[in-house]
Amino acid sequence: MKGNELVGYLDGKVVAITGAGRGIGRAVALDAAAAGAKILVADYGVGMAGEEPTSDVADAVVKEIDQLGGEAIAVAGDVSDTAVGQKIVDTCVESWGRIDGVVCVAGILRERMLFNMSDEEWDDVIRVHLRGTFSLFRPASAVMRKQGSGSLISFTSGVWALGSVAQANYAAAKAGIVTFTRSAALGLNKYGVTANVIAPVARTRMSANVPQDLAEMGDPEDVAPMVVYLLSDKARHITGQVYTVVGGKIAVWCQPEEVRAMYTDGRWTPEEIEAHLDSTVGTEEMPLLAKIKEYEAAAAAKKATEG
Ligand SMILES: NC(=O)c1ccc[n+]([C@@H]2O[C@H](COP(=O)([O-])OP(=O)(O)OC[C@H]3O[C@@H](n4cnc5c(N)ncnc54)[C@H](O)[C@@H]3O)[C@@H](O)[C@H]2O)c1
């Protein structure tokens, strides 16, 4: 556990964290416990692609928290099963009388080019990430609404906005999580419940499997303090936000909006659109597509000189 700066920050709070057995979820669980929260450690204990579940992974983190003087309970089910989501929330309420925070970190990867992607690879990734967030947010928000307080925190990735070459399933799930969480922020604001999203980058087994050179990198422990802050009473004014957290950097994402428009009286024809679109509304550059084009041009030039 970290030092004294966390002590008391989340005193009396009850927080359920999915994916808390490894990586970023584990770091969040340990920091939130150090800050005084009671922790429900939810983790299915699966491999990177969601295979071979074991309860050992969640149990090990509960043990770590116990040994450090904290209080924790493990639930080792699949969070994309809504019965498991309900059980996690019920366990918090039955054991500790309330639920103040839900942090949905659990995730898997099934990397594949779109033209080769199976139904299963699509469904499993959407199910674990997107339904796995709904599965917790729904029952938790019902309790939080009655309490008049609570923090919902989901996990996305930069690919939610940038897109991904070989992870269309993952990018779609992560974009869904952002809009789902923003919708939760809108619907629950009047009940005192906040909903925010973290886009982390951290050295874990998951990032080790992503074939890209990340300019920004950090550790899971760098992500945890921002989550602890958002769970606290000090962050009640923050809702509907997406924050990148990597190493020593915290950045807020813009709220997507229209940037340029053109108008006609009545309805546009294709020919009129052809005549006006490029010079008025135009397009917005996809940053990753520009990068891919650069790589492709460099590779073609290299091949030409070698050949
Ligand atoms: N590590 C990064 O750089 C990075 C970047 C962008 C986004 N993220 C996101 O952050 C989150 C955490 O990633 P990580 O790198 O710590 O991953 P990780 O693989 O280290 O940990 C994920 C945990 O989720 C658990 N899990 C998977 N499926 C589950 C299910 N159905 N039910 C319950 N638990 C399940 C796994 O057992 C594992 O312990 C993920 O949502 C990931 O998409 C991570």
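We count ligands from 1, going down the list as the structure has it; atoms in each ligand are counted the same way.
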Quick one: does ligand 1 sit under 4.0 Å from the side chain of [X], the backbone, both or neither, non-hydrogen atoms only?
X	result
Asp43	both
Asp78	both
His129	side chain

Practice problem: Could you tell me whether ligand 1 has any atom less than 4.0 Å away from a heavy atom of Gly77? | Solution: yes

Quiz item: Judged by non-hydrogen atoms, does Lys174 sit under 4.0 Å from ligand 1?
Solution: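 So Lys174 counts as touching ligand 1.
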
Exercise. For residues Thr204 and Pro220, determine if any side-chain heavy atom of one lies less than 4.5 Å from a side-chain heavy atom of the other.
Key: yes

Practice problem: Check whether any side-chain heavy atom of Ile65 lies under 4.5 Å from a side-chain heavy atom of Glu71, and answer yes or no. | Solution: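 Ile65 vs Glu71: side chains apart.
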
Self-check item: Listed partners of Asp219 passing side-chain contact (heavy atoms from CB on, under 4.5 Å), at least two apart
Solution: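 Testing Asp219 for side-chain contact (heavy atoms from CB on, under 4.5 Å), a comparison that skips the adjacent residues, returns Arg203, Glu221, Asp222.
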
Using a 4.0 Å cutoff against the non-hydrogen atoms of [X], which atoms of ligand 1 qualify?
X	result
Arg205	18 (P), 19 (O), 20 (O), 36 (C), 38 (C)
Phe155	10 (O)
Gly19	23 (C), 24 (O), 25 (C)

Quiz item: Does any N/O atom on Ser80 come nearer than 3.5 Å to any N/O atom on ligand 1?
Solution: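 No, Ser80 has no N/O under 3.5 Å of an N/O on ligand 1.
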
Quiz item: When only distance counts, is Ile24 in polar contact with ligand 1, meaning an N/O pair under 3.5 Å?
Solution: yes

Self-check item: From Asp81, Val159, Thr156, Val105 - option closest to atom 12 (C) of ligand 1 by heavy atom
Solution: Val105

Practice problem: For atom 8 (N) of ligand 1, state which one of Gly45, Pro200, Gly25 supplies the nearest heavy atom. | Solution: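 Looking at heavy atoms only, Pro200 sits closest to atom 8 (N) of ligand 1.
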
Contacts table for residues 103-110: side-chain donor-acceptor under 3.5 angstrom, sequence neighbours left out:
unit_1 : atom_1 : unit_2 : atom_2 : d
Arg110 : NE     : Ala49  : O      : 2.8
Arg110 : NH1    : Asp124 : OD2    : 3.0
Arg110 : NH2    : Ala49  : O      : 2.7
Arg110 : NH2    : Asp124 : OD2    : 3.1

